[in-house]
Amino acid sequence: MPMLEKTFDPKAVEPRLYAAWEASGGFSPDKTLARNPDAEPFCMVIPPPNVTGSLHVGHALNDTLQDVLARFYRMRGRAVLWLPGTDHAGIATQMVVERQLAEEGNIRRREMGREAFVERVWAWKAESGGNITRQMRRLGCSCDWQRERFTLDDGLSAAVRKVFVKLHKDGLIYRDKRLVNWHPELQTAISDLEVENVETKGSMWRFRYPMEAGLTYQHPVAFDDEGKPTEWETRDYIVVATTRPETMLGDAAVAVHPGDERYAGLVGKSVVLPLVGRLIPIIADDYADPSKGTGAVKITPAHDFNDFQVGKRHGLPATNIFTPDAKLNDVVPEIYRGLDRFVARKRVVADLEALGLLDGVDPHSLAVPMDEKSKSVVIEPYLTDQWYVDAAVLTKPALKAVQDGKTTFEPKHWDKTYYHWLENIEPWCISRQLWWGHRIPAWYGPVKKEDISSSDLRNVVVGNNSFVSGPDESKIFVAETEDDALKMAAEYYGRPVGATSDRAKAFGLDIPASEAAKAIFIDIKRSGDEGVLIYRDEDVLDTWFSSALWPFSTLGWPESTADLKRFYPTNVLITSFDIIFFWVARMMMMGLHFMDDVPFDKVFINALVLDDKGQKMSKTKGNVIDPLELVDEYGADALRFTLTAMSGPARNIRLSKQRVEGYRNFGTKLWNAARFCQMNECVVAEGFDPGAVKGPLNRWLRGELAKTSETVTGALERFAFDEAAAALYRFIWNTFCDWHLELAKPILNGDDETAKAETRCTTAWALDQTLKLLHPVAPFITEELWAATAEFGPRPEGLLMGVAWPQFPAEYLDLEAEADIGWLVDLVSEVRSIRSEMNVPPSARPPLTLVGASDATRQRVARHRASLFALGRLDAVSFADAIPSGAASFPSGEATAALSIAGFIDVAAEKARLKKAIGVAISDADRVNKKLGNADFMARAPEAVVAENREKLAEAETTKAKLQAAFVRLESLD
RNA sequence: GGGCGGCUAGCUCAGUUGGUUAGAGCAUCUGGUUUACAUCCAGAGGGUCGGGGGUUCGAGCCCCUCGCCGCCCACCA
């Protein structure tokens, strides 16, 4: 066995070890199951990253925690499946490719056509798709790559279609015309969750809408102290206020509050909509707030969510005035047509001002809805036909499952976030006007004339440019395949049916889309006697629709696979808080609906990684820390340990290089401990039984290891990653290296061959166990050391990754040895402290005298003489009845220890030191005394606490006595 | 406006049902080439636990209140 290098070289080792792990088949549960078919499963599905993305530090944290659990449970014998995969990320990926096209100066998406564009996205996926999974491998992630999935792969696409059809059949998916959040650049609907309201400085304009036919009314203009009007003026107009002047072109009414006396007489009358000339009614509606603005509010049903509701209540027409790219359409007066919305805004204000109808303008700050990603595109409420999921129905079981504790959140408080959203759920708009994604399995055809009832006609607004994906009224065939759709259609029409990709053709019309609404009036005869053509919905589904199925679609659903039976519900989902709504809640809904069971027992919400100043990382701020750079510089283990150690109950993690460096050093420490073992020929002898060791040091180490093992195991079971890391750090650095190895040195260099042999075995054995315990967090260095120290003794075949997790019998704890070594550690620490305080040079080797030592202490001294000499840098230990002169003394157990350092001692300083220590002892004693003298305390405190305090008092008293004796002695010797 | 989280050493954070003298890492200072490790060793200093009030024999921890920081949701004519 070659000597270990002085430091661990992650770069050289990591790729080799990862390849070995993967080649071993150990990432797959199948290996465990082959050995033990009854192995209890443990399953996690990865939050699928964007397929074309790259690993950021948030992924690194998320992946590390999952890998810690995967490795931990694998070592505990569970059949672990950590299922990896990627998400097609509709909008994000499509945008990237569109940007590429723009940069290349080639033709754009629309000119390219759907098929060519989608092909292009697949090409980009082929090129960059492996990036992030390669990067996960560098982190050491032990996913089962054989089971890797992609949201757009064949299996998952089939699952998506099945779910869509089923939900449609159940009436939980429907098509509706309502306002959506419209992205005018991408020209697609986006979800509420993808809109970010950005506080912006704008203006509030007040416009005068003239009353119809010269009508006038009295409007109060001055008020007394009680708010009662004292002066009125005659008005022939009503003032409305708005932050969006351009929308007035689509106004349908002016609303006032029913109880608003100022306008009471006007309800039912009309105003003339300026610039347009249309008469619009003044209506009474609670929505109008008398205290806001002028109390009269313009109602624009097609361009404001609240106004849409008002319009519905009052049967107002929703007149859309925008084209899909948010330019004014042809329902507005000609001079405004084609203008961009922001240009139109200025023009409308100017024109109203010119007409003397601008009542005033004030600066006003408001939250403008922006596209969450770009934070620059203003989102429009826009009237379109879209597909919706009736989320409210699916929500109920999802809420109940968490309330009943079927699924729990960790940290627990996140359940509040979950509840809050689900309790206020809105219908989920699932259609997107994109090309990259799951195309909606719905086909449209003309409606048979006899199916059109008069009430169906009211939604048809001629000239409505909102036509997006299908005519407002058409017959819809929802089916998993085109064949099924054709069959359904053939049955409906009673004649042959074909499918076309040409929308106009499907309706037998060669007319512009904006006119397509008229199609419903066309008798199907127009499609030709020989048959009817149907046309597939052009839209795709929201990316989160397929992600919502992830926990069961990846396991093979709808097929009843062995994996699905074995691994669903999964054990834990580790994810970040920002997708509780997007993803967690929806998986709960879909899982419960389709699998009749929750998708996971536990949701662990990992922290948010911030930079070292507590700032969110962002490309624009330039403070993004690349996890792979950290891996390059310090090794994967160092990064993993850092993220694990910092993954406490707090909501965020401030990542600093310094911290990573510290944990790299920790790895080096462990590495060197292994070197020390190697140099000292520490080997586990054949037949060595750690339960039978005799030496106090070895018994103590065994106990400390057992305690650590229990702590680490318990912490990982509770997802207390930080506690596990802290316990490992403490044990390896402080217990094993600082004390055990130092105390073992005199034994290993001594001539007691029995003790030496036992210490070698115990040390080697303990290191082996330590490697196991550390492996989930730091897999590379532990695996490397496991291989490098193979000669340390008999051990299971194969990789450390596959070794059983340690579990020690309770007898490994040894109170006697603990007390013994505890005494030694305390004594050495005191000696060191005194030496340092008294400036005793390291080379000096003073004698130590113990005054009033018991037999037990005398035996301890005898047992640990060599260690005491070495660590305390002493040249003698003796016993006496009195403190010798020129000594600094301190209490040690029942005895008083005195370090003879005559040459260095400064009597005044020593007196001061003793005095201070006496002061501490006195105040300790006083405090406890006071407590014990408190009748209430004695009456109410539990017996154990009282006893504890009695003991404490006794201790303080003896300490005080010893220190005082030392002080007196010092004076008498002076 | 509603909600969530945080405020503990110079910095970053632990502190599990209330119970020894409130801990760790980093930073700082002092001293060290002790044959595993200077990516190291030994020692030290440093905290009125955000303010106020309450409950309790006892509060960093429980309750009320105020303040500041961060985040989420909603609304804003």
Side-chain angles (χ1 to χ4, degrees), chain A residues 4 6-8 192 197 204-206 240-244 247 254-255 287-289 292-300 304 306-307 364-367 411 413-414 416-417 420-421 424 577-578 580-581 608 610 612 614 616 634 645-646 648-656 658-659 661-680 718 720 722-723 726 729-730 737-738 741-742 745 749 828-829 832-837 839-843 870-871 873 920 923-924 927-928 931 934-942 944-946 948-949 951-952 955-956:
Chain A
L4 287 165
K6 218 169 167 182
T7 55
F8 173 57
D192 308 353
N197 294 311
M204 174 87 85
W205 288 272
R206 292 191 307 277
V240 296
T242 183
T243 56
R244 299 206 49 193
T247 63
V254 169
Y287 168 66
D289 182 345
K292 279 187 191 160
T294 62
V297 57
K298 64 192 267 310
I299 301 296
T300 321
D304 182 280
N306 289 310
D307 292 7
H364 183 75
S365 79
L366 70 165
H413 68 257
W414 288 109
K416 294 199 179 71
T417 305
H420 181 257
W421 190 67
N424 297 288
F577 71 88
D578 52 338
I580 290 177
F581 304 149
L608 180 69
L610 306 172
D612 55 351
K616 238 177 180 170
Y634 302 108
M646 298 184 85
R651 280 157 71 120
N652 31 33
I653 287 178
R654 294 194 187 188
L655 187 62
S656 72
Q658 204 180 34
R659 192 87 189 240
E661 192 182 339
Y663 289 120
R664 187 272 319 268
N665 296 352
F666 170 67
T668 308
K669 186 73 184 173
L670 173 68
W671 186 263
N672 277 289
R675 286 182 76 216
F676 175 87
C677 292
Q678 201 179 35
M679 288 171 182
N680 285 279
R718 288 182 292 118
D722 58 330
E723 287 178 37
Y729 189 95
R730 243 189 338 261
C737 293
D738 289 346
L741 292 184
E742 292 306 323
K745 278 176 186 174
N749 296 329
V828 168
S829 298
R832 283 170 169 174
S833 182
I834 295 282
R835 293 182 64 114
S836 176
E837 224 172 307
N839 295 316
V840 178
S843 54
L871 272 64
R873 305 185 66 73
V920 170
S923 77
D924 275 358
R927 200 181 40 251
V928 181
K931 226 180 205 181
N934 181 337
D936 280 332
F937 175 78
M938 297 304 284
R940 294 170 202 250
V945 174
V946 174
E948 219 172 84
N949 276 279
E951 229 170 272
K952 202 160 61 177
E955 240 169 70

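Every chain is numbered from 1 and lettered A, B, ... according to where its sequence line falls, protein lines coming before strand lines. The basis for the numbers below is simple: all heavy atoms, side chains too, and nothing from hydrogens, waters or symmetry mates.
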> Whole-Å distance between B:C73 P and A:Asp192 CG?
10 Å
> How many angstroms lie between CG in A:Leu366 and CG in A:Asn197, if you round to the nearest 0.5 Å?
9.5 Å
> Can you give me the closest heavy-atom contact between A:His364 and A:Thr243, atom names plus distance?
CD2-CG2, 3.7 Å
> N/O contacts under 3.5 Å, protein versus nucleotides 34-40 of chain B?
residue, atom, partner, partner atom, Å
B:A36, O2', A:Asn672, OD1, 2.7
B:A36, O2', A:Arg675, NH1, 3.0
B:A36, N7, A:Lys745, NZ, 3.4
B:A36, N6, A:Cys737, O, 3.4
B:A36, N6, A:Glu742, OE2, 3.0
B:A36, N3, A:Asn672, O, 3.2
B:A36, N3, A:Ala673, N, 3.4
B:C37, O4', A:Asn672, OD1, 3.0
B:C37, O2, A:Lys669, NZ, 2.9
B:C37, N3, A:Lys669, NZ, 2.8
B:A38, OP1, A:Lys6, NZ, 3.4
B:U39, O4', A:Asn665, OD1, 3.2
B:U39, O2, A:Arg664, NE, 2.8
B:U39, O2, A:Asn665, OD1, 3.4
B:U39, O2, A:Thr668, OG1, 2.5
B:C40, OP1, A:Asn665, ND2, 3.2
B:C40, O3', A:Lys669, NZ, 3.2

> Give me the distance, rounded to whole Å, that separates B:C57 from B:C69 when you measure between the P atoms they each carry.
38 Å
> Would you measure the distance from the C1' atom in B:G52 across to the matching atom in B:G70 and give it in whole Å?
24 Å
> Starting at atom CZ of A:Phe577, determine the distance to atom P of B:G5, rounded to an integer number of angstrom.
14 Å
> Report, as a single string ordered 5' to 3', how protein heavy atoms within less than 4.0 Å touch nucleotides 19-24 of chain B: B base, S sugar-phosphate only, - not at all.
BBS---
> Could you measure between the two P atoms, the one in B:A9 and the one in B:C61, and give it in whole Å?
15 Å
> Which whole number of Å gives the distance between the P atom of B:A42 and that of B:A24?
14 Å
> A:Met938 near the nucleic acid: base, sugar-phosphate alone, or nothing, with a heavy-atom cut-off under 4.0 Å?
nothing
> Expressed as a whole number of angstroms, how long is the span from A:Arg835:CZ to B:A42:P?
14 Å
> Grab the stems for RNA chain B, please: at least three consecutive Watson-Crick or wobble pairs, both distances below 3.5 Å, written as range with range.
B:1-7 with B:67-73, B:10-13 with B:23-26, B:28-32 with B:40-44, B:50-54 with B:62-66
> Applying ring-ring contact (aromatic ring centres under 6.0 Å, His included), name anything that partners A:Phe666, two or more places apart in sequence or on another chain.
A:Phe641, A:Tyr729
> Would you say a side-chain N or O of A:Asn306 is under 4.0 Å from OP1 or OP2 of B:C76?
yes
> Whole angstrom is fine here: how far is it from CG in A:Asp307 over to P in B:C75?
13 Å
> What's the shortest heavy-atom distance between A:Trp671 and A:Leu4, and which atoms?
CZ2-CD2, 3.7 Å
> For B:A38 versus B:C11, give the span between their P atoms, rounded off to a whole number of Å.
32 Å
> Can you check the A:Asn934 CG to B:G58 C1' distance for me, whole Å?
9 Å
> Working to the nearest 0.5 Å, report the span between CZ of A:Arg730 and CG of A:Asp738.
13.0 Å
> Side chain of A:Arg654, heavy atoms from C-beta onward: which of B:C75, B:U12, B:C72 has the nearest atom to it?
B:U12
> For A:Phe577, give me all partners under ring-ring contact (aromatic ring centres under 6.0 Å, His included), at least two apart in sequence or on another chain.
A:Trp414
> With a 3.5 Å distance limit and no angle check, can you tell me whether A:Asn680 reaches the backbone of A:Phe676 through a side-chain donor-acceptor pair?
yes
> For A:Arg659, give me all partners under salt bridge (charged side-chain N to carboxylate O under 4.0 Å, His left out), at least two apart in sequence or on another chain.
none
> Looking at A:His413, is its backbone amide N or carbonyl O close enough to the side chain of A:Thr417 to form a donor-acceptor pair, meaning the two atoms are under 3.5 Å apart?
no
> Using the C1' atom on both, measure B:G19 against B:U56 and round to a whole Å.
12 Å
> When rounded to the nearest Å, what value does the distance between C1' atoms of B:C7 and B:G43 take?
32 Å
> Got a list of protein N/O to nucleotides 1-4 of chain B N/O distances below 3.5 Å?
residue, atom, partner, partner atom, Å
B:C4, O2', A:Arg651, NH1, 2.9

> Tell me, please, which residues at least two apart from A:Lys745 pass salt bridge (charged side-chain N to carboxylate O under 4.0 Å, His left out).
A:Glu742
> Can you list everything that forms a side-chain contact (heavy atoms from CB on, under 4.5 Å) with A:Arg654? Sequence neighbours excluded, please.
none
> Between atom CD in A:Glu723 and atom P in B:A14, what is the gap in whole Å?
11 Å
> Looking at residues at least two apart in the chain, or sitting in another chain, which of them share a ring-ring contact (aromatic ring centres under 6.0 Å, His included) with A:Tyr634?
none
> Counting side-chain heavy atoms from CB outward, which of B:C71, B:A44, B:G31 is closest to A:Ser833?
B:A44
> Nearest-Å distance, CG (A:Leu610) to C1' (B:G6)?
12 Å
> Might you confirm whether atom CD of A:Glu661 has over 12 heavy atoms from other residues, nucleotides or ligands at distances under 6.0 Å?
yes
> Counting the atoms with a prime plus P, OP1 and OP2 as sugar-phosphate, which does A:Ser923 contact under 4.0 Å by heavy atoms, base, sugar-phosphate, or nothing?
nothing
> Rounded to the nearest 0.5 Å, what's the gap from CE on A:Met646 to CG on A:Asp722? Could you check?
10.5 Å
> Rounding to a whole Å, what distance do you find between A:Met204:CE and B:C75:C1'?
13 Å
> Looking at the side chain of A:Ser836, which of B:G43, B:A27, B:G32 is the nearest nucleotide?
B:G43
> Of all residues at least two apart in sequence or in a different chain, which pass the side-chain hydrogen bond (donor to acceptor under 3.5 Å, both in side chains) check with A:Arg940?
none
> Using the P atoms only, state how far B:C29 lies from B:C62, rounded to an integer number of Å.
38 Å
> Residues in side-chain contact (heavy atoms from CB on, under 4.5 Å) with A:Lys616, at least two apart?
A:Leu608, A:Leu610, A:Lys621
